[in-house]
Structures are given as C-alpha cells and as structure tokens.
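The next block holds one structure in the form of structure tokens; read it before the comments.
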Amino acid sequence: MKKAYHPQKIERKWQKEWERRGIFRTKDNSKKPKKYILVEFPYPSGAGLHLGHCRPYVALDILAIKKRMEGFNVLFPMGWDAFGLPTENYAIKTGIPPEKVTKRNTRIFKQQMKRIGLSFDWSREITTSDPSYYKWTQWIFLQLFKHGMAYKKRIPINWCPSCKIGLANEEVVNGRCERCGTKVVRKEKEQWMLRITKYAERLISDLDKVDFPERVKTLERDWIGKSEGHEVEFQLFGLEQSITVFTSRLDTIFGASFLVLSPEHPAFPTILQTGKIKNRKAVEAYIERAKNKLERERLEKTAEKTGVEIEGIKAVNPANNELMPVFVADYVLAHYGTGAIMGVPAHDERDFDFARQFNLPLKEVISNPSEKSHFGFYLSDGRYSKPYTGEGILIHSGRFDGLESPKARGRIFEFLKQKGKARKAVHYKLRDWVFSRQRYWGEPIPLIYCPKCGWVPVPEKDLPVKLPKIKNYKPTSTGESPLAKVKEWVETKCPKCGGPARRETDVMPNWAGSNWYYLRYCDPKNNKELASFKKLRYWMPVDWYNGGMEHTTLHLLYSRFIFKFLWDIGVVPKSIGPEPYKKRTSHGMVLGEGGIKMSKSKGNVINPNDVIDEFGADTLRVYEMFMGPFEQAIAWDTKGVRGVHRFLQKVWAICTQELSFVDASKKYATLRALEVLLHKTIKKVSDDIEQMKFNTAVSALMEFCNEWSRLQNNQAALAHTGQKKRGVLSKRDIGKFLKILLPFAPHMAEELWHLLGYRSSIFKSKWPRYNQLIIKEEKVNVVVQVNGKKRAILEMPRGSSQKEVEKAALQNPKVRKWVSKGNIKKKIFVADKILNIVIR
RNA sequence: GCCCGGGUGGCGGAAUGGCAGACGCGCAGGACUCAAAAUCCUGUCCUGGCAACAGGGUGUGGGUUCAACUCCCACCCCGGGCACCA
C-alpha cells in the first residue's frame, strides 16, 4: 500500500492533466464575484527564469488558488514584457532577429513556469512585442498625441556613448548608464515627451484611494515632490524686466539679500542686451561653461558653489524695497520652479554656502524658538557656522515682526498681492517623461513628418506600424535609430496631403507596453479595440497587484498615469474609477547563498530547474514561501530546501499511512485533540495567506503534521479505543488538510486527494472553513505571575473566571510559596491568558 | 543631509502589551547499518546546580505599565530611496 514519494512522476502527470482538463481557464461571463490577481510579467531574458521570479509567482498563485476555492471567478494571467535592450544587444552581436530570440526565450520561460505548477490562464498570454499587441500601444500613443499629451522638444538628454541611446533620468544611476555602466554625457536631441506632469497632482492625491504599502506611497509622493509656495516678482532696478522667483518660505523674504538666476534662465538674452551690464563677457562665459557641464557634475559638490555677479544691475526686494545684487549660478536649476530664486543666506543652507563664498551680507529674520539667543550661526571668531532653516518667529521684518512663520507667510502674501507682486504657486519635482529611444527593438512611434503639414498621425486603420525586418541592428553613429537606414520604410506619403513624407524612426521606451497590459488581459484577442467595455467593466480594477519595489517610481507611476489618461478620454469605463490597481504588494529579492546578490559574474546563480530536478516543484514552492517574510530580501539556503523536502516526505508518509486506515475501516472519527488543531491550522493558514505571511502559514502546516505524526505513532493514544490500530484523522479531515496544503504543494495535494478516493480535481473543491466552536472548546494555559514573574502555568477550561483561576493558583504550591513572601496588594486578571498577583 | 525600513540564539526567523526564541536549518548524543548516506528518536538562549530550581537575557541609555521584543523619549549601528527641487 505504501508508495514512496516521487515528485517528478506525480508533478509531470498532474501538470499534463490540469492542462488537458483546462482547470485554470478563466471564463468572462460568470455570476461569481470576480478577483483580478496580477503579478508583474517578466522580461524574457536569455538567462531563463530565476529563483527571484518564482517567489512572487508562487505567492500570488497561492492567493489565486485560494480565491478560486472560495468561490471567486479569478483572473490570473501571465505574459511577456518583451521589448528591451538585452535582446537588441544580443541581436547586434549575433545578427539573430530579436523576435526570434524573444520567441525562444518566452518558450523557455513558459515551460519553466509550467514546471512550477503555476495556475496561470495561458489562453490569455500576451507578448508586448507582438504586432497584434503593440498595435494598441501605438494607438494609445496616437491618443496622447491628439490630446496634446505628447510633444517633441529639443532637450539636453542623458546620452550613453556606448549604447548610443538617450536615457530617461530614471535610467541613469549615479551618473552612469543603468544597463552598461558607461558614464553618461549631455547631448541635445529632439525627443518625444509625455506630459506626465499634468497628472502630478492627481498621481499624488489619488494615492488616498488605493491600498498600497505606506512606503510605496511615500516613495511616489517624494518622487513627484509637490511643493506649495509663492511666486514673487522682483523688479530689476531701472529696467522693464522683472524676475519671478518661487519660494516656499515667503516668511523669510525680508532676509533676502541677493537674487540668483540659473544659467539657462530665459531672461538672459534680453538682460544681456540692455547694455547696462558691466561684465557681460564673464557672465556669458559662465553660462557657456554651465551648459556643457553634465547636470550630474553640477550637483556633485554641494558646499562649494560657483557663480558670477551680473554687475550693473540690481533687483528690488518687493517687501522692503531694498536693492540687492543679482547673480547667475548653476546651483539654481532651470527646470524647477521659475529657474530663479531669492537668496536668504540666514535661513537656507545653499544660500548660506553661496553667501559665504561671495562674502554676501546675512540677515536673520526668523528666530529659532528653541534657542535663547539669536545669531546662532556666528562662530566665536565672527564667522558663520550654519543657518537656521526651521520655522520660528519673525524679526527684522518690519510690521510682520512677532508673527509665526505660517501666519507670516499669509500676511506677507496679502501685502505683496495687493502690490501685484505675488501669487500662490505649486511646483513639482516630477518632470515630463522622455518617451523616444533611438533604437530598433521597440514600438515604432506611429507618426509621419510632412514638410507641409508637420507631424501627422498614422491613420488608425493603418496600425500597427510594424517594425521592418533589418540586418544591422546597430544605431547610427549620429545616434539615430537603425530604422533611419531603412529607406523604403522611412519614405512614405503624408496621410493628410499625400505629398512625400518621412516616418518617425524613434521607438518607444521599454515601459510603453507595460503601461496598459493589465487592460489587455481582460480581452486579449480583441482586434477592434484595446479591450471591450463589457469585459473591462467586469474585470477592472486589478484587485491585487504584486511587483518589485524597484518599479515604484517607474512602471507603477507610469502605468497609473496612462490609465488616468485613458480614463479621462473615455477609452476605459468610468465605473472602474481613476486608479487601475486597488491593492499593491511587493516581494523581497532572493539573494544568493550567504546574502550576496545572485549574478552570473559571481557564479552563484541557482537555476530553478535544478532545484525541481532534485527535489520537485512542490519543494521549491514551499521553500520559497517558508524561507522568510515575503516582503523581505532573503538568502537562498540549500540546506533549508532539504528541510522543506523532508517535511513534504513526512507529509507523504503520514498521509499514505493514514489512507491505509481509511481503507480498512471506513468510519472513524478524528481524535479530538487533532481535530482542534486542524481547525486552528485552517484558521491560521487562511488568515496568513491573506496577509502574505506565508512563512508562518507553512510553519503552521508543519506543526500540524508533527502532531499528527506524533499521535499516529502514539500507541497509548490508540490503545484506549480498544482497537489495536486505527487512524487518527477521518477521511473528511484528511481532505481538509490537503486543501490547505494545496496552494503550497499542489501536485502532492492533488495526488493524495485522488488516492483518498476523489475523482474530480481538488482545485474544484471548496476552501475549508474552520469551526469557531471546536477551536474554542479546548483548554487554555493560564500563566500565573507573582510580581510580573512567571511562577506557574495552569491548564484551565477556556473562559474560566478570575475566581476559579485564583482558587487554582493558590492551590499551586509554587504560587503559594511566592505569594507567602508578602501581602497581596493587587490582582490583575486577563481571561484565558494571565493572572498577575502583586505582593509587597 | 532628508525620508522610509530594520536590529531577537551559531543561522533564517516566530511572538505587536500578557509563557521570548514557534517552525526550520545547523550542531551534539542515540537507534538502524559491516560502514556511509538517507531515515527515525532525544537534546540544544546564557550563568550556577546532579537535579528540582534560581538568576540573567530581544542594539544602547532612560521612561510609561501589575506586565515591554512590542508603547514613548534620546542615542548607536545596518539596509534601501532621494539628494543644491528653493
């Protein structure tokens, strides 16, 4: 009867069987409530699936399985984010077309995912590089273009000289190209931009509507960087021109002792031509130098500031009409605020550093309420130490003296507003999104340039604009896309006037396809629209979206933006609401043995295939869930894998043993103690899965099996029934156990389920419910403390009163001994938990 | 510098005011074996003790409480993000 555990055999068998029966196929029309469970789709790299991928996949698979058994219609899809540089670079090296490589890689990924027994609905598989998919990515771009959300702009971009590609700010890490590590240089280029800044406010405020981890929300908020303040106009003395600055500290305006313009400030050509400037050459030279500096270099030294005074002009402080010098300095950024600031050296670190460098006067106007004397920034030798940047009470600010910072801002604003010199303003750190890449392996931007008509969108009926087949994938040395070399593709007719015109040769960045893929899963085969309203209304929003923390300010933010845009223009039903994802969670990385990152160069990469070959997919799954808290990075430990494998072998052994009793005598009840534990375990596993506390869910399963095994072996436990040998768990209860094991180790659970005699798949069964009464009926351990120190543990019936517990406690010799050392002063009782006797 | 996490045995971790160290790994001893592996059993925070037991113990210092890994204040260390954003 006893069969040995052979994971390889049963796993293959069931994977085939599940596929044959179409068990994980999701139906669109169902009366059941829906759950859309989504895990970020991978970039199918040549290296194949790795252990880090498996963790979130298994976790969300567990959720999907449980939700199905709880009666939900679950959408749990998978696809491929296939456009991207590694595949293109591989094509450059080998000449193999990227689509061919992509096909091969996705085949490998898919086969690996199937080996893990993940319950994806493969009938909805999508590939972002597939023309039937990117047709709609291009279509979305056209909508952006038509609504003025996409525009072309000559901007200094981050240029990677090695990849020959423009990079988004997010792709530059420490001044180096994220992919190849080459130092990024500055280069001016015409680029397509998306106006994500238009959505800055809503991207922040709608975070209140979703269930994201607080750290994710904070990260997005900080990245968008909202700052509320005022714009103030400073007249240039004797000139028509005035300079507007942005400040969030209007309360410090009486302390402003100079004005600084960024080198790119638009007022410069005009100012320089007034003839008033005495050092025009020096100013021009400084501006020129700043232009060639990489932004990164400008930011490198924080304390040492450079700049040049624009001699011959002064600005008028609108608060007190004092004249102040004007500088150009590159510590002021052109793209933030108004590109100009008022320098308040006493209350701003950067202005302070600058003033020290240029020996500018410093005027304290905010007194620090927590310090008694002012001028905390003077050292004993009379030099400054540091500015006070906090809020406080105004001094040296005329009639605003004595006001607190927030109130002062309001009053000063009123005062300046009356003079027409100030207005409220909000600025964001977020910048528009550079959306072109001078590359091949991406979605062609569906626009045509006509010398007569300008940029003309490709008519929707002509979509998709397919990538032409080419031989040489290398970008041109001028940094143009390799597509620029394909004459017969580039040269076309203007859709508007029919005259000769040229196609845009830039392609979209690799984030384009993932902006909206979750919509496509709802209706993946639709060739009339990106997804039908009916299906979107049923499935959207995504109920649970898991992905990497590293995508928080990239993919997550981008896709929220694109969704909002589509929602605004009515491409998706209004009923979904303004956010695509209801709930977001993040997994921790899987590190190599010893806690270092797994990488090819370190040679510590572990292939999931090898783990499955040796231990089976169920072991891999259970171990990935057991290894540590889901959201935390954790090191792989082969010895730990063996431990989990041991556990599964044990489960197999106990279950098959128990099955022999089921056969022998059809009817017997579960031992009471085990029944109680079973129900507790069902509760624990159910709750823990919801909270993604998979590690403790597994340990609860282990504890149950330890007890089950102990009772099974315990002859005394069997003897009192009068029978020589009998089981300890009824058939029904074995089934319940298998159901809670199922999400973690589906193959084993299904096999044992069938050995138990069931014909239909365990996936079709209902998630077990625990019985509140059974859990509560057991006895509880009540701790008796004397002066807060544990002195005894009493086993009491649940719900025992204080009196009952006290009586039992005082009968206990140990408690008696300790209590007798003084007089009882106080007794604290928490039902079913503790009795603390305080003596003196 | 600022903003988030986090600090518990030899290791991964459990316990979110109520028995610190669940579960697993490792280690030690034992059983089986000619032997090894595998498997099974027992033990495993530190100190003293043959033991019962007593005392100490969750980064450091203080506080609140009958009771603190858990809450509050200050500090130290580690990880991540942002960083001249006015």
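Keep in mind that this is a model prediction, so the values were computed, not measured. Protein chains get the first letters and strands the later ones, always in sequence-line order, with residue 1 at the start of each.
In terms of the salt bridge (charged side-chain N to carboxylate O under 4.0 Å, His left out) criterion, residue partners of A:K683 (sequence neighbours excluded) are, by chain and number, A:D687.
With hydrogens and angles disregarded, a donor-acceptor distance shorter than 3.5 Å links the side chain of A:N317 to the backbone of A:I253. Put simply, the side chain of A:T252 never gets that close to the backbone of A:G255: no donor and acceptor are under 3.5 Å apart. Within the 3.5 Å criterion, the main-chain N or O of A:G799 finds no donor-acceptor partner in the side chain of A:K776.
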Between the protein and nucleotides 50-54 of chain B, which nitrogen or oxygen pairs come in under 3.5 angstrom?
| from | atom 1 | to | atom 2 | distance (Å) |
| --- | --- | --- | --- | --- |
| B:rC53 | OP1 | A:K814 | NZ | 3.2 |
| B:rA54 | OP1 | A:W818 | NE1 | 3.4 |

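Straight-line distance between the C1' atoms of B:rC46 and B:rG57: roughly 7 Å, to the nearest whole Å. Taking the C1' atoms as reference points, B:rA67 lies 33 Å from B:rC25, given to the whole Å.
Atoms CD (A:E550) and P (B:rC82) sit 12 Å apart, rounded to a whole Å.
With its glycosidic angle more than 90° from 0, B:rG10 adopts the anti conformation.
Contact check, A:K693 against B:rU16: no side-chain N or O comes under 4.0 Å of OP1 or OP2.
No engagement by A:D348 is indicated, since no non-hydrogen atom pair under 4.0 Å with the nucleic acid exists.
Between the side chain of A:K833 and the base of B:rC19, no donor-acceptor pair of N or O atoms lies under 3.5 Å.
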Check: Would you write out the dot-bracket form of RNA chain B, 5' to 3', with Watson-Crick and G-U pairs under 3.5 Å, [ ] for crossing pairs, | for pairs to other strands and . for unpaired bases?
Finding: (((((((..(((.....[....)))((((((.......))))))((((....))))..(((((..]....))))))))))))....

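The side-chain heavy atoms of A:Q712 and A:E658, taken from C-beta on, include a pair separated by under 4.5 Å.
No cation-pi contact links A:K814 to A:W818, judged by a cut-off of 6.0 Å to the six-membered ring centre and 45° from its axis.
Below 30°, between 30° and 60°, or above 60°: for A:F258 and A:F354 the angle between ring planes is between 30° and 60°, a tilted geometry.
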